[in-house]
Amino acid sequence: MRIPIQSVTPESGHAEVCGWVHEVRDLGGLAFFLIRDRTGIIQVTLPKKRTSEAVLTAAKQVSRESVVRVAGMVKAIDKAPGGRELVPDVFEIISMADSPLPLDVVEKVPADLDTRLDARFLDARRPRVAAVFQIRSAAMHVINQYLHHEGFINITTPKIVAAATEGGTDLFPIAYFNKEAFLNQSPQLYKQMMMAAGFEKVYEIGPIFRAEEHNTTKHLNEATSIDIEVSYADHHEVMRILEELIVKTYEYVNTTCSDQLSSLEISDFVVPKPPFPRLPYCEAIEIAKKRIEDPIEYGDDISPAAERALGSEMGGHYFIVNWPSEIRPYYAMPYENDPSICKAFDLMHPRMELSSGAQRVHQHDLLVQQIRKKGLNPESFEFYLRPFRFGMPPHAGWGLGADRLVMTMVGLANVREAVLFPRDMHRLVP
RNA sequence: GCCCAGGUAGUGUAGUGGCCCAUCAUGUUUGCCUGUCACGCAAACGACUCGGAUUCGAAUUCCGACCUGGGCGCCA
């Protein structure tokens with residue numbers, strides 16, 4: 001019976017493992033094979049004089065990264081990695097790997113990201129790459145667990161939609177029988193409909209699609225968004241949920257992924273401390289004005305240079321709050337005492353924006369007014385506006401970029417490294 | 001979409017007009033080697049993105065195409 005490599009100890013006696021041939025060191029009368037599975041690496045040692053002909057033939061024939069089944073006695077040896085080695089009486093080639101390999105799994109020679117993504121299945125065999133996705137999995141697990149625990153209902157909303165009701169970003173048109181259709185840019189409107197449906201707290205973790213032709217290390221055309229919406233909550237309440245979720249995610253990764261963090265050579269993993277500073281937009285602009293050369297004025301978006309300047313000033317996660325209504329979407333709730341600013345916020349990591357959200361406008365007539373103010377036609381928003389006419393509770397929510405969360409958490413240079421099969425302007429395969 | 005930088009063995013690189021039938025590492029193959037752990041040693045194999053131009057001569061200069069990386073714009 002095959003057992004995980006990590007569980008092989010000197011006490012195992014006779015053990016059978018399956019995995020990839022990681023490295024071969026043939027010293028002549030003695031040969032070492034490193035066999036790797038997802039749990040670790042074990043040294044298989046062949047003293048040639050005392051090894052069967054069948055084992056020697058297979059060992060001679062096998063190529064790097066072939067899948068093999070090896071069984072034999074486990075011996076305690078200080079000189080071997082992990083303090084044990086396996087002396088095989090069985091060495092079976094299950095699946096021979098072609099040569100040459102598209103990239104070097106052992107990492108003696110680096111590979112460009114492009115090369116790595118072209119051969120992602122091989123790239124992901126590298127422990128440090130696998131570690132990123134194990135951490136991502138842990139993060140998604142604890143986020144689901146936290147939201148479930150907080151009473152959120154997990155929903156799934158359509159990714160094929162009829163029209164671009166939100167404006168702003170470009171959508172991908174798709175062929176949908178004989179109708180016009182698009183890939184959805186966000187579950188925003190559907191989350192809000194579920195507030196009208198009385199679900200009170202909903203969340204969705206799913207793909208979002210943006211057809212922007214950007215070419216940066218932090219944008220993708222297909223991303224994973226963690227979205228929540230909460231009835232009877234204001235922006236303060238959902239910011240609190242967001243910061244608690246971020247902290248819990250870091251804590252969980254910190255306590256359950258120590259092997260993965262050390263694979264990534266992260267020795268200074270810092271769990272952020274709540275509460276995160278709430279920086280009013282107007283103060284953010286003042287800081288940016290002092291710190292960057294490019295002109296920036298109240299009413300402008302926060303440019304990447306301004307983001308970086310603020311990031312180094314703030315030093316950790318922080319919120320930008322009280323945005324001018326003018327530069328936020330129509331569904332962001334304006335302050336009653338000063339409608340020029342609204343109850344919208346962004347959650348920032350020092351490197352980039354992670355999340356944005358707001359208390360939403362829940363009053364039908366105010367929403368129509370806001371849509372008009374943005375120069376949009378309320379008539380084309382009928383499917384969105386309808387729920388607001390039949391009893392819509394006040395509500396607030398946010399969307400958090402899962403890929404950026406992972407990227408910033410483990411310090412990846414490029415968001416593509418946090419995604420198994422990233423989709424950008426140039427990459428559609430694999 | 002705009003701007004900048006690139007494209008050389010399977011992989012990662014050196015090479016700015018002749019010194020290049022192209023450097024180094026890794027890999028692969030063969031030989032030697034009984035404690036390696038990036039094993040070592042020896043030998044061999046393997047590449048200038050494509051098309052056009054300039055030149056006695058182009059990996060190197062110019063033009064075009066394609067591809068890649070990055071920045072900006074855009075990103076409710």
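Keep in mind that the numbers below use all heavy atoms, side chains included, and drop hydrogens, waters and symmetry copies. Computed from a predicted model, the values in this text were never measured in an experiment. First the proteins, then the strands, lettered A, B, ... as listed; each starts at 1.
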Do any side-chain nitrogens or oxygens of [X] fall under 4.0 Å of OP1 or OP2 in [N]?
X	N	answer
A:R64	B:G10	no
A:T217	B:G71	yes
A:N221	B:C75	no
A:K108	B:G27	yes

**OP:** Step through it carefully: locate the ring centre of A:H235, locate the ring centre of A:F345, and say whether they are under 6.0 Å apart.
**Re:** no
Original post:
Taking the six-membered ring for Trp, are A:F33 and A:F91 ring centroids under 6.0 Å apart?
Top reply: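 For A:F33 and A:F91, the ring centres are under 6.0 Å apart.
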Original post:
Do A:E85 side-chain and B:G35 base share a donor-acceptor contact under 3.5 Å?
Top reply: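 Side chain to base: pair found, below 3.5 Å.
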**OP:** Measure distances between side-chain N and O atoms of A:S356 and base N and O atoms of B:A76, and say whether any donor-acceptor pair falls under 3.5 Å.
**Re:** no
Interatomic distance at [atom1], [N] relative to [M], whole Å:
N	M	atom1	result
B:U11	B:A38	C1'	15 Å
B:U16	B:G6	P	13 Å
B:G27	B:C75	C1'	43 Å
B:C62	B:G17	P	12 Å
B:C63	B:U54	P	15 Å
B:C41	B:C21	C1'	28 Å
B:G1	B:A9	C1'	37 Å
B:A58	B:G51	P	15 Å

So which nucleotide from [options] ends up closest to the side chain of [X]?
X	options	answer
A:H214	B:A38, B:G73, B:U68	B:G73
A:D301	B:G10, B:C75, B:A76	B:C75
A:E213	B:U13, B:G1, B:C75	B:G1
A:T216	B:C33, B:G71, B:U36	B:G71

Original post:
When you match A:L27 and A:L101 each to their closest nucleotide on RNA chain B, which lands nearer the 5' end?
Top reply: A:L101
Subject >> Toward the 5' end of RNA chain B, by each residue's nearest nucleotide, A:E307 or A:V109 >> reply: A:V109
Looking at every strand, decide which applies to [X] at a 4.0 Å heavy-atom threshold: base, sugar-phosphate, or nothing.
X	answer
A:D118	nothing
A:K374	nothing
A:L113	nothing
A:E107	nothing
A:P102	sugar-phosphate
A:A332	nothing
A:S63	nothing
A:D112	sugar-phosphate
A:R308	sugar-phosphate

**OP:** Identify all stems in which RNA chain B takes part, counting only runs of at least 3 consecutive pairs (Watson-Crick or G-U wobble, each distance under 3.5 Å), and give each as one range with another, ordered by first number.
**Re:**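 Result, WC/G-U stems under 3.5 Å: B:1-7 with B:66-72, B:10-12 with B:24-26, B:27-32 with B:40-45, B:49-53 with B:61-65.
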Original post:
Which value, rounded to the nearest 0.5 Å, describes the distance between A:R423 atom CZ and A:F209 atom CZ?
Top reply: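 Result: 10.0 Å between the selected atoms.
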Original post:
Measuring from A:E204:CD to A:I155:CD1, what's the distance to the nearest 0.5 Å?
Top reply: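 Answer for the CD-CD1 pair, A:E204 versus A:I155, is 5.5 Å.
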Nearest-Å distance for atom pair [atom1]/[atom2], residues [X] and [N]:
X	N	atom1	atom2	answer
A:D104	B:G12	CG	P	10 Å
A:D346	B:C75	CG	P	13 Å
A:N215	B:G73	CG	C1'	12 Å
A:M425	B:C67	CE	P	10 Å

**OP:** Over 60° means perpendicular and under 30° means parallel, so classify the ring planes of A:F152 and A:Y203, tilted if in between.
**Re:** perpendicular
Original post:
Relative to the ring of A:H349, is the ring of A:H317 parallel (under 30°), tilted (30 to 60°) or perpendicular (over 60°)?
Top reply: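 Perpendicular.
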Original post:
Could you go step by step and tell me if A:R416 and A:R427 meet the side chain to side chain contact (heavy atoms under 4.5 Å, CB included) rule?
Top reply: CA-CA 11 Å; A:R416 291 163 182 79; A:R427 181 171 287 279; over 6 Å; no
**OP:** Please confirm whether A:K373 makes a cation-pi placement over A:Y330, using NZ or CZ under 6.0 Å from the six-membered ring centre and within 45° of the ring normal.
**Re:**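 Not satisfied by the 6.0 Å and 45° rule.
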**OP:** Please tell me if the side chains of A:I327 and A:Y281 come closer than 4.5 Å, counting only heavy atoms from C-beta onward.
**Re:**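 Sidechains of A:Y281 and A:I327: in contact.
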Original post:
Under 4.5 Å between any side-chain heavy atoms of A:H364 and A:V368, yes or no?
Top reply: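 The answer is yes, as the side chains (C-beta and beyond) meet within the 4.5 Å cut-off.
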